[in-house]
Amino acid sequence: MERQLKAETQLVHGAIGYDKTTGAVSMPIYQSATFRHPALNETTGYDYSRLQNPTREALEKTIAILDNARHGFAFSSGMAAITTVAKLFATGDHLVISDDLYGGTYRLFEEIYAKYGIETTYVNITDLDGVERSIKPNTKAILFETPTNPMLKVADIARLSALAKAHGALSIVDNTLLTPYLQKPLDLGADIAVYSATKFLAGHNDTLAGLITTNDDGIADALKLIQKSEGAVLAPFDSWLVLRGIKTLAVRMDRQQENAAAIAAFLSAHPEVTKVYYTGSGAVLSFSVRDTAVVEQVLRKVGVIYFAESLGGCETLITYPAVQTHSAIPEDIRRRLGVDDRLLRLSVGIEHVGDIIADLKQALEREDA
Ligand SMILES: *Cc1c(COP(=O)(O)O)cnc(C)c1O
């Protein structure tokens, strides 16, 4: 029944709607590590919170509904979700990965999984021929973000998923930047969608969380085994924070996207700004300034805008990818991609757009030498 509801309503109702025993319209926080068994070989469906917890399960079912997925899983951070996906692979497997992606994901594969013999090739994910040429006999997956972060290039999920399938590989999409409200990777053919729910889904810069969805029962069994064995599960209270955040995702995202479009237009016309990267979708945009002195000045002078890493919250944040989110990526790769020392990234919040633009204007104003 819920599946026929419009997106905005689905977000408010989630999987549970209201609590059927008390009528509570906010999902109760089941702050219990363990659950009493009625008798030998009997269970309420809950045994121990690493395996199942009602509040986490409400979130897992909610993200599944939002992604039109059969299965959802919640983890203690976005990286905990991505590392769970990485554990689907074994020594000798090869992954094709987008060269423009979250620095922490690059670090995970190069500094952790490389030791266990997982091979990687980084490619321009918008170049389908290049992606195809990078596929080897042992390629088991294509992993990418779209739009990419921080260069905001758009990848074709449907064609990349078809390409992966044709080579017996999985397609895995990190959908953190757009969320199911603006893009549903599984509907476009992806096998797995993964999220840092820390960002737009939770939306308030107050918790870390990660989510995974899939329609494949075999993949879901494998993910469940990793989740319960390794234990990087999302705590009940944090599950509740993400559920609460999801209720307002549509109104936040609509406002953030509207603000982002206005800010992109403002920056495009500014003499200190040499290039603006914005796809017109979502609320993350990047821009290059004339030189590093302008970067230093902007980061010192912003006031309404906070100089902090992360994205997707109510607050407008400005980030310097070269030294913050993407510092784990080697300098030569970063420069080739355009993630150089003149690039700034904005995650646009829900404040009044006039205040954000006025703040950027004063921060970019040329200081007399
Ligand atoms: C932040 C982020 C991550 C990592 O998520 P955490 O919740 O910080 O662990 C992964 N992918 C993308 C695209 C991100 O923005």
Side-chain angles (χ1 to χ4, degrees), residues 56 59 63 73-87 95 97-113 122 125 141-155 157 172-183 185 190 192-213 227 230 232-235 238-239 241-242 245-246 249 253 256 260 277 279 281-286 308-313 315 317-321 324-329 337 339 343 345-349:
R56 190 178 88 228
L59 172 60
I63 192 63
F73 300 92
F75 300 87
S76 54
S77 69
M79 290 320 301
I82 294 171
T83 201
T84 300
V85 170
K87 289 265 165 57
L95 308 187
I97 304 180
S98 165
D99 59 8
D100 185 25
L101 87 165
Y102 181 66
T105 305
Y106 177 87
R107 183 177 57 209
L108 180 75
F109 282 102
E110 296 321 295
E111 298 202 20
I112 310 292
Y113 286 100
Y122 294 87
I125 204 70
I142 303 177
L143 165 68
F144 57 100
E145 300 168 11
T146 180
T148 63
N149 172 17
M151 300 313 292
L152 286 310
K153 290 184 290 193
V154 177
I157 296 177
I172 303 164
V173 179
D174 181 336
N175 196 32
T176 299
L177 257 62
L178 291 186
T179 80
Y181 179 56
L182 294 177
Q183 172 168 273
I192 297 172
V194 56
Y195 297 91
S196 170
T198 309
K199 314 294 169 57
F200 289 96
L201 288 161
H204 291 71
N205 285 321
D206 54 13
T207 187
L208 300 184
L211 298 169
I212 301 177
T213 58
Q227 186 190 42
E230 301 213 323
V233 292
L234 192 62
D238 292 5
S239 298
L241 280 173
V242 180
I246 284 174
L249 178 64
M253 197 52 118
Q256 285 169 274
Y277 305 87
T279 64
S281 208
V284 176
L285 61 93
S286 297
E309 45 197 286
S310 201
L311 56 93
E315 301 83 5
L317 303 183
I318 192 160
T319 310
Y320 190 24
Q324 293 182 294
T325 49
H326 291 69
S327 59
I329 298 176
L337 296 173
V339 189
L343 186 82
R345 190 189 73 191
L346 273 178
S347 171
V348 178

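Counting convention: from 1, in listed order, for ligands and their atoms alike. Remember, predicted model here, so these are calculated numbers, not experimental data. Numbers here simply count residues along the sequence, with the first being 1.
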Quiz item: Looking at residues at least two apart in the chain, or sitting in another chain, which of them share a side chain to side chain donor-acceptor pair (under 3.5 Å) with Tyr181?
Solution: Asp254
Sequence neighbours excluded and cut-off under 3.5 Å, please list the side-chain donor-acceptor pairs for residues 147-155, or say none.
from	atom 1	to	atom 2	distance (Å)
Thr148	OG1	Asp100	OD2	2.5
Thr148	OG1	Leu152	N	3.4
Thr148	OG1	Lys153	N	2.9
Asn149	OD1	Arg345	NH1	2.9

Quiz item: How long is the gap from CG on Leu249 to CZ on Phe200, to the nearest 0.5 Å?
Solution: 9.0 Å
Exercise. Identify, chain by chain and in numerical order, each protein residue with a heavy atom under 4.0 Å from an atom of ligand 1.
Key: Ser77, Gly78, Met79, Ile82, Tyr102, Glu145, Asp174, Thr176, Ser196, Thr198, Lys199, Ala209, Leu311
Practice problem: Identify the two heavy atoms, one from Ser98 and one from Tyr122, that lie closest to each other, and give their separation to 0.1 Å. | Solution: O-CD2, 3.7 Å
Quiz item: So Thr213 and Tyr195, side-chain hydrogen bond (donor to acceptor under 3.5 Å, both in side chains) or not? Walk me through it.
Solution: CA-CA 9 Å; Thr213 58; Tyr195 297 91; 5.0 Å; no
Practice problem: State which residues pass side chain to side chain donor-acceptor pair (under 3.5 Å) with Thr207; sequence neighbours excluded, sorted by chain then number. | Solution: Asp238
